[in-house]
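Accompanying notes for the structure given below.
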Amino acid sequence: MTAARTLALVLVGVLLIACRAPANPPAFSTGGRAAPTPAGAPITIGYLADTNGTSALIAAGMHLGTDLAVQQINGGGGINGRPVQVIYVDPQSDTAQATQLAEQLITQNNVDVLMGGVLSSECLAVQDLAARLKTIYLPTLGCAAEEFATRSCNRYAFRFQPVGRQTIAPLVEFIVRTYGKKWAMLYSDYEYGQSQLKAYGDELKKFGATITTPVGIPNNEPHLGPFVTRVPVDGSVNGVIINGLSAGDLYRASLALGQHRIIPGVQIVGNSGRDVYDGVYPDFLTGSVNAQTYISGSPPNNPYGEAYERAWHDMAETQPQWSKYFGGADRAMPFQGYPQYSTFNALKSAMVASHFSGRKDTEALLTALENVNLSLGPDAPGGAMMMNKQDHQGAQTVYVYRVSGPQQEELVASIPADQVPLFNTCHV
């Protein structure tokens, strides 16, 4: 099969969103005047969105969150007067195919910027390709291995979603002070899970705490009983950390912990958001804690977050082909598309600042991306976000929360973006 035919077969769609009034009123204000219709050659984004297996939920969030940002951008006059166009492809969580499709998007489709990817192995490979082909690349959700910014960073790759110790550090401080110093951990035994295991171990050590029972689980392992039952229930650990798992495995592992009566005997850390559980936390997860960059209602009295959530639900209603992965539009949680939405808006802000009109302006866009610093507002409705010039790893406001009911979270700590830990071990 030819490379061109492969691309054609996996091409999910090309979206050039029609210009119309944005669904999120505070996002783009034109002072009461109608926004100009974007014209000219579009700014084109190539997007790797894996829709197979456990990646399907992330891909659904990629489409909904990105399409919402693009709809608002084009409805507000585009970027520097140009419309935005997204070309989605599906690598099927295969590293070789992700690299091949990314190269085709750059060399055949002539995209201006690459985005997306789910598995860390994909993103690390595409990161190298981006540097070789001198094309800017931004993962959005997934691709969470620290190595992207700690060992293999380069000037063409940027990640705005905080990962690893950036969210783990504030969470670890809370759990050690609240629950104790001895922990078990379930993690996927591949790049992402191993990276999370190390990050948790490093942060726990700072407080004299440790992971006494690490349990590596093969990716997509169908039988989790033999693994979750290795978590001690004799009081020798204070709890079990489970957010070293992919979204699908996290869901199945937490259910298995409940079925095997491991919980409520031990404290659960890393339950993920309600989106993983079809919008409703299982009863046995009440009291579990985690950290993420978007929680409904945080910070309080946030009109930007409220507007984003209304627009998110509207988008989910109009795209049932993607909201079905969440169990329907009414169960599509705003967090599931927030990293994609906020990353796209950060890219938009840099394109506006650099007067970007196409690949010829890549150097100016690189500089603008390095200087992104957004306050809570229309482009960052969940909280401030910023980029670190040294390693191109961004930071966003991080919220630590406790599950307090089937559809409720209790905020226990809020860490501003400028206080989120930096890596600073890699130089672009």
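Just so it is clear, the structure is predicted and the values come from calculations on it, not from any experiment.
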For [X] against [Y], the heavy-atom pair lying closest together:
| X | Y | result |
| --- | --- | --- |
| Cys153 | Val428 | SG-N, 3.8 Å |
| Arg165 | Glu146 | NH2-OE1, 2.6 Å |
| Glu103 | Arg132 | OE1-NH2, 4.0 Å |

Tell me if a side-chain donor or acceptor on [X] pairs with a main-chain N or O of [Y] at a distance below 3.5 Å.
| X | Y | result |
| --- | --- | --- |
| Gln92 | Asp94 | no |
| Trp312 | Ala332 | yes |
| Asp391 | Cys426 | no |
| Glu122 | Cys143 | no |
| Asp112 | Thr44 | yes |
| Ser323 | Ala316 | yes |
| Asn238 | Lys182 | yes |
| Gln166 | Gly394 | yes |
| Thr362 | Arg359 | yes |
| Gln97 | Pro91 | yes |

Flag for [Y]-[X]: side-chain donor and acceptor within less than 3.5 Å:
| X | Y | result |
| --- | --- | --- |
| Asn243 | Tyr187 | no |
| Ser93 | Asn52 | yes |
| Gln72 | Tyr341 | yes |
| Thr343 | Thr140 | no |
| Ser296 | Glu309 | yes |
| Glu370 | His392 | yes |
| Tyr281 | Glu409 | yes |

Quick one: are [X] and [Y] in side-chain contact, heavy atoms under 4.5 Å?
| X | Y | result |
| --- | --- | --- |
| Gln319 | Leu64 | yes |
| Trp322 | Tyr325 | yes |
| Leu197 | Pro214 | yes |
| Thr397 | Ile415 | no |
| Ile45 | Val111 | no |
| Thr135 | Tyr156 | no |

Value rounded to 0.5 Å, distance of [atom1] in [X] from [atom2] in [Y]:
| X | Y | atom1 | atom2 | result |
| --- | --- | --- | --- | --- |
| Phe335 | Leu141 | CZ | CG | 6.0 Å |
| Tyr192 | Leu245 | OH | CG | 8.0 Å |
| Lys205 | Glu203 | NZ | CD | 12.0 Å |

Should we say atom CG of Asp418 is surrounded by more than 12 heavy atoms from elsewhere, each under 6.0 Å from it? yes

Should we say atom CG of Asn301 is surrounded by more than 12 heavy atoms from elsewhere, each under 6.0 Å from it? no

Of Val289, Val266, Val237, the one forming a side chain to side chain contact (heavy atoms under 4.5 Å, CB included) with Tyr179 is Val289

Per the side chain to side chain contact (heavy atoms under 4.5 Å, CB included) rule, which among Ile73, Val84, Leu369 passes with Leu347? Leu369

Could you walk me through whether Thr150 and Thr425 satisfy the side chain to side chain donor-acceptor pair (under 3.5 Å) test, starting with their C-alpha distance in whole Å, then the side-chain angles of each, then the deciding distance to 0.1 Å, before giving a yes or no? CA-CA 5 Å; Thr150 59; Thr425 56; 4.8 Å; no

Step-by-step ring pair (Phe, Tyr, Trp, His ring centres under 6.0 Å) determination, Tyr88 to Tyr47: CA-CA 5 Å; Tyr88 290 101; Tyr47 211 119; 5.3 Å; yes

What's the verdict on side chain to side chain donor-acceptor pair (under 3.5 Å) for Ser152 and Gln127, showing C-alpha distance, side-chain angles and the deciding distance? CA-CA 8 Å; Ser152 60; Gln127 181 186 37; 2.7 Å; yes

Ring centres of Tyr338 and Tyr308 under 6.0 Å apart? yes

